[in-house]
Amino acid sequence: MRRKTIMVILVLIVASFTLYGCSQSNPAKTGSLEISIEELAKYNGENGNPAYVAVDGIIYDVSKSAKWPAGKHCSFTPGKDLTDPIKKVSPHGTAVMTRVPAVGKIVEK
């Protein structure tokens with residue numbers, strides 16, 4: 001009985017960490033960065049700048065993503081709004097964006 005209780009507790013702990021981790025990449029919980037599309041171009045992963053991309057007005061940090069080595073993923077490059085290519089070309093669609101942190105949103109300036 002004690003072993004079963006310990007297993008249940010461990011499963012609950014793992015589930016809690018999994019759910020917490022998923023909520024961190026929720027686009028509704030973006031960071032505080034607010035920049036224009038023109039300013040996004042500076043965040044191209046070059047000269048020490050982080051690599052950001054925008055999808056549906058949300059800015060995502062792809063700097064540490066293994067899928068974006070050397071600041072590129074397939075034919076996509078950071079510093080741009082990739083909404084159309086992600087929705088029309090990518091086989092993964094926008095769901096893949098939950099794998100990288102949302103850091104802000106695009107604003108009109």
Which residues share a side chain to side chain contact (heavy atoms under 4.5 Å, CB included) with Ser36, sequence neighbours left out: Glu38, Glu39, Lys109

Quick one: list whatever passes side chain to side chain contact (heavy atoms under 4.5 Å, CB included) with Lys80, sequence neighbours left out. Thr77, Leu82

Ignoring hydrogens, what is the shortest heavy-atom contact between Ile35 and Leu40? Give both atom names and the distance. CD1-CA, 3.7 Å

Closest non-hydrogen atom pair, Ile86 against Phe76: CD1-CE1, 4.5 Å

Let me check something: any side-chain donor-acceptor pairs from residues 49-59 under 3.5 Å, sequence neighbours excluded? List them with distances.
{"from": "Asn49", "atom 1": "ND2", "to": "Lys42", "atom 2": "O", "distance (Å)": "3.2"}
{"from": "Asn49", "atom 1": "ND2", "to": "Glu46", "atom 2": "O", "distance (Å)": "3.2"}
{"from": "Asp56", "atom 1": "OD1", "to": "Lys87", "atom 2": "NZ", "distance (Å)": "2.9"}
{"from": "Asp56", "atom 1": "OD2", "to": "Lys87", "atom 2": "NZ", "distance (Å)": "3.4"}

What distance separates Ile37 CD1 from Ile106 CD1, expressed to the nearest 0.5 Å? 4.0 Å

